[in-house]
Amino acid sequence: MARAQRPIYLDYAATTPVDPRVIDRMAGFLGVEGLFANPSSVTHAPGRAARAAVEEARHEVAALIGARDREVYFTSGATESNNLAWRGLAASRRDRGCHLVTSRIEHASVLDTARALEAEGFRVTYVPCNREGRVEPERVREALTPETLLCSVMHVNNETGVIQDIAAIGGLCRDRGIPFHVDAVQSAGKLPIDLSELPVDLMSFSAHKVYGPKGIGALYVRHDPGLVLEPLIRGGGQERGLRAGTLATHQIVGLGTAFRIAREEGEADAARIRQLRDALWERLSRLDQVHLNGGGAPRACGHLSASFNAVNGESLIFFLGNLAVAQGSACSSARGEPSHVLQAMGLSPGEAESTLRITLGRFTTPEEIEIAAERIIQAYTRLAAIAPGSGRRHAG
Ligand SMILES: *Cc1c(COP(=O)(O)O)cnc(C)c1O
């Protein structure tokens with residue numbers, strides 16, 4: 001098959017390619033010659049070897065985040081981890097209250113779960129963020145009540161890269177005995193996370209945002225007899241009864257290898273990525289009516305959310321050719337709705353629609369950034385020149 005020119009992929013927040021070292025490792029667990037045995041089949045040596053590989057992967061995940069191995073549970077991804085944290089706790093703590101607290105800028109897997117629980121009779125407070133996309137701990141404090149059974153705030157926002165103060169928010173929850181859940185999908189492997197220090201009780205992870213495969217993730221559950229989750233999926237009792245289903249050995253070792261590489265190379269990766277990201281913004285910031293979202297807040301290394309206010313985002317993306325960038329998050333663009341995150345930050349629906357989310361990663365090269373900068377500048381300048389109201393954004 002003839003192949004068009006390879007796209008310049010700048011959508012790492014939606015998913016990443018799998019690191020070749022991860023693919024190599026995974027391949028050893030699939031075929032006839034490989035360790036394909038069921039890790040629960042401990043009656044034979046192949047099963048025990050597969051089990052050992054699963055436990056090694058669990059250790060790699062725990063090592064990256066400062067957890068103990070037994071605090072890590074494998075799931076099908078962060079969507080499931082978030083569902084499990086919320087529903088698992090809501091079900092086990094029903095008698096203690098019916099109130100949950102989260103923020104307005106969470107991922108759909110949290111917000112949709114929150115809405116479903118509301119329909120089932122729970123009450124949810126959605127704490128706003130400020131104009132820089134930060135959830136102020138003070139606002140969270142105001143939302144916590146004696147009936148609150150869970151507080152859930154993400155670590156790094158997937159659209160803006162803004163880092164939330166989970167230490168401060170977790171401290172407020174800990175003082176009140178309220179379990180604190182954090183969606184750490186966008187921060188794992190990019191920012192240091194030390195759960196032996198952080199006041200966090202539940203934390204969600206995904207492999208495919210960290211150069212691992214899709215369809216595998218983990219939930220950290222702090223070892224605490226008072227912290228009990230009701231399982232969502234029942235069956236053969238795998239994962240100590242919290243998550244039944246045959247362990248996906250190749251996926252799990254993929255996750256483990258990806259997290260090991262992140263532990264060894266994440267810091268150097270982040271420094272390089274940040275430099276490229278800042279160089280790209282340096283060029284784009286010279287354009288008229290272009291605004292960096294969350295620019296005044298601490299941000300993770302790879303995210304660049306910029307509103308190109310003189311034009312419509314969809315047209316801009318159209319003229320970018322084979323530059324793979326996002327308009328909001330992958331989920332909000334699939335729904336065709338302007339980003340709830342940007343609107344929570346005070347952007348109008350039009351401004352949100354004029355926004356590009358550009359996210360860089362391990363395989364981004366300086367050449368790609370050079371081409372991306374030129375392409376965006378050229379497309380924006382042309383579109384802005386023909387926009388109705390000569391440079392004023394056309395709503396619609
Ligand atoms: C991608 C993402 C998820 C969902 O993870 P999956 O493993 O794809 O289910 C959850 N939260 C955030 C912040 C994400 O970026």
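Just so you know, ligand 1 is whichever comes first in the structure, and atom 1 is the first atom listed for that ligand.
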Nearest protein heavy atom to atom 2 (C) of ligand 1, by residue and atom, and its distance? K209 NZ, 2.6 Å

Specify side chain, backbone, both or neither for T79, according to which of its non-hydrogen atoms lie closer than 4.0 Å to ligand 1. both

Closest protein heavy atom (residue, atom, distance) for atom 7 (O) of ligand 1: S206 OG, 2.6 Å

If you measure from the Lys or Arg side-chain nitrogens to the Asp or Glu carboxylate oxygens, is any gap between R222 and D224 under 4.0 Å? no

Using the ring-ring contact (aromatic ring centres under 6.0 Å, His included) criterion, which residues pair with F363? Sequence neighbours excluded. Y211

Check the side chains of E351 and S354 for a donor-acceptor pair under 3.5 angstrom, ignoring hydrogens and angles. no

What atoms of ligand 1 come closer than 4.0 angstrom to any heavy atom of M154? 13 (C)

Ignoring hydrogens and angles, state whether a donor on the side chain of S307 or T355 is under 3.5 Å from an acceptor on the partner side chain. yes

Hey, which atoms in ligand 1 end up nearer than 4.0 Å to a heavy atom of G77? 7 (O)

Any side-chain donor near an acceptor of the partner, H208 and T16, under 3.5 Å: no

Which of the numbered atoms in ligand 1 are below 4.0 angstrom from a heavy atom of N158? 13 (C), 15 (O)

For ligand 1, indicate whether the residue E80 contacts it via side chain, backbone, both or neither (heavy-atom separation under 4.0 Å). neither

Close N or O approach (A78, ligand 1; < 3.5 Å): yes

Nearest to atom 11 (N) of ligand 1, what protein heavy atom do you find, and at what distance? D183 OD2, 2.6 Å

Could you tell me which residues satisfy side-chain contact (heavy atoms from CB on, under 4.5 Å) with S315, sequence neighbours excluded, listed by chain and number? N312, L383

How many angstroms lie between atom CE of M154 and atom CD of Q164, to the nearest 0.5 angstrom? 8.0 Å

May I ask you to list the atoms of ligand 1 that are less than 4.0 angstrom from any heavy atom of H208? 6 (P), 7 (O), 8 (O)

